[in-house]
Amino acid sequence: MSTAATPAAPAASAGSEAGSPVFSVDGLWKVFGPKADRVPGDPELAALDPAGLRARTGCTAAVRDVSFDVRKGEVFVVMGLSGSGKSTLVRCLTRLIEPTAGTIAIDGEDVRAMDRARLRELRRHRAAMVFQHFGLLPHRTVLDNVAYGLEIQGMGKAQRRAKAAEVVAKVGLEGMEQRRPAQLSGGQRQRVGLARALVVDPEVLLFDEPFSALDPLIRRDMQEEVIRLHREERRTMVFITHDLNEALKLGDRIALMRDGRVVQLGTPEEIVGSPADDYVRDFVRDVPREQVLTVRTAMRPASAVEAAGSGPAVRPDATVSEAIEAVARAGGPARVLDEGRCLGVVDSDALLSVIAGTGRSAGTEQSAGTELSGEAV
């Protein structure tokens, strides 16, 4: 099992249930090439880098010894550059691509042991995929495209169209039910794809870079749509992306891949605040840390007087950026409150030390210090 896939102290998402993973993946390999199954079982071959493995065996290991759990109700993001193995990984979860070695379980059931009928049930009912390329049927209306999965399941026409209409409205396409895909924008077509996945009421939604072909503004709207749907339904989601900002925005936890391996798995705060190695550190170098790290990283114990005070307060999950604004407005420390209980205090020195510790430039630190001192709010 890969040790890189185990976070030091992962934070559970708000909707997760401890001890009840939806997907469990252990020691997963996908190797393409001749006699692929020999690679995972041979320590010498498994240790080769991608170029060495190709030269020695003619094989490519797209996924290498990957292990993780996806918790119920969380958004689990798998991210990496092109060729890192992320799309192959998500396709292995439902055996759209057959794994070479390792185990995959959904709700404790062995996916690799499923027969064809059970696999069809998995893909139609339990884990629905949303692809980058919409795959809509051009001769069908929006409503009938959305209802297609229910039709495959054998649901009657009136019932499936009524259910499809509810989901069409949920994704913001009400009034467009009778349009054809050619009459829709890229963002609208992606909403149809999302609705088509949602209508079968899957336990898990699998997104394979669904927004990468969209214009930036439309992409942002679709990200907000995913956040809204997750907030309303607490549906488990596995989201594949090559975009770090998208991963940080959407993910409860992020698995960062490189050359088929998970090099770090953790919350956005853990990825940005405690990079596992130089590769991850370089990956997150330009991230505005104060917008990702929370006040827990800057908090100090409160004195009795501070804890009993009535001054400004911030939530424990507030970002350092939000705390900077609160401290600047007050001209002094802010308490960190969780349901009325004082967990600690953040002040200008602590906030600046967090920013400085994440590699911000001296000029930026000086600017932040001016804001925190109250001279510029």
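Nothing fancy with the numbering, it's 1 onward along the sequence.
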Engineer: Under 3.5 Å, is there a donor-acceptor pair between the side chain of T236 and the main chain of G73?
Structural biologist: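 Between the backbone of G73 and the side chain of T236 there is a qualifying donor-acceptor contact (under 3.5 Å).
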Engineer: Kindly compute the distance separating CD1 (I271) from CE (M79), expressed to the nearest 0.5 Å.
Structural biologist: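 Those atoms lie 9.0 Å apart.
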Engineer: Quick one: which of I218, V171, V130 gives a side-chain contact (heavy atoms from CB on, under 4.5 Å) with Q190?
Structural biologist: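 Among the candidates, only V130 passes.
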Engineer: Donor-acceptor pair, K30 side chain versus E98 backbone, under 3.5 Å?
Structural biologist: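 Side chain of K30 to backbone of E98, a donor-acceptor pair under 3.5 Å: yes, one is there.
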Engineer: Above 12 or not: heavy atoms from other molecules or residues under 6.0 Å from CD of Q153?
Structural biologist: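 Counting neighbours around CD of Q153, more than 12 heavy atoms of other residues, nucleotides or ligands fall under 6.0 Å, so yes.
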Engineer: Do side-chain atoms of R196 reach the backbone of G149 as a donor and acceptor pair under 3.5 angstrom?
Structural biologist: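 Looks like no, no N/O pair under 3.5 Å.
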Engineer: Can you pull out every side-chain hydrogen bond (donor to acceptor under 3.5 Å, both in side chains) where at least one residue sits in residues 45-56? Sequence neighbours excluded, please.
Structural biologist: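 Sorted pair list: E44-R56.
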Engineer: Check whether any side-chain N or O of E246 sits under 3.5 Å from a backbone N or O of D243 as a donor-acceptor pair, and report yes or no.
Structural biologist: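 No; judged by distance alone, with no hydrogens or angles, the pair does not exist.
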Engineer: For the hydrophobic clusters of this structure (ILVMFWY residues joined by side-chain heavy atoms under 4.5 Å, transitively), does one cluster hold both L206 and M114?
Structural biologist: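 Same hydrophobic cluster.
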Engineer: Does F207 have any ring-ring contact (aromatic ring centres under 6.0 Å, His included) partners at least two apart in sequence or in another chain, and if so, which?
Structural biologist: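 F207: ring-ring contact (aromatic ring centres under 6.0 Å, His included) contacts with F239.
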Engineer: How many angstroms lie between CZ in R118 and CG in L122, if you round to the nearest 0.5 Å?
Structural biologist: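 One gets 8.0 Å once the value is rounded to the nearest 0.5 Å.
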Engineer: Identify the heavy atoms of R38 and C59 that sit nearest to each other, and give their distance.
Structural biologist: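 Heavy atoms only, the tightest pair is NH2-SG, 4.5 Å.
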Engineer: Which residues satisfy the side chain to side chain contact (heavy atoms under 4.5 Å, CB included) test with R315, sequence neighbours excluded?
Structural biologist: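 Partners of R315 under the side chain to side chain contact (heavy atoms under 4.5 Å, CB included) test: D317, A318, E322.
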Engineer: Strictly distance-based, threshold 3.5 Å: is any side-chain N or O of E269 a donor or acceptor partner for the main-chain N or O of T294?
Structural biologist: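 Checking the backbone N and O of T294 against the side chain of E269, a donor-acceptor pair under 3.5 Å is found.
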Engineer: In Å and rounded to the nearest 0.5 Å, what is the NZ to CE distance from K86 to M257?
Structural biologist: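 Nearest 0.5 Å value for the NZ-CE distance: 8.5 Å.
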Engineer: Under 3.5 Å, is there a donor-acceptor pair between the side chain of E177 and the main chain of A165?
Structural biologist: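 Here the side-chain-to-backbone pair does not exist.
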Engineer: Under a 3.5 Å cutoff, is there a donor and acceptor pairing between the side chains of D37 and T100?
Structural biologist: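 No, no side-chain donor-acceptor contact under 3.5 Å.
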Engineer: So, the side chain of R112 versus the backbone of G102: is there a donor-acceptor pair under 3.5 Å, distance only?
Structural biologist: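 A pair under 3.5 Å: yes.
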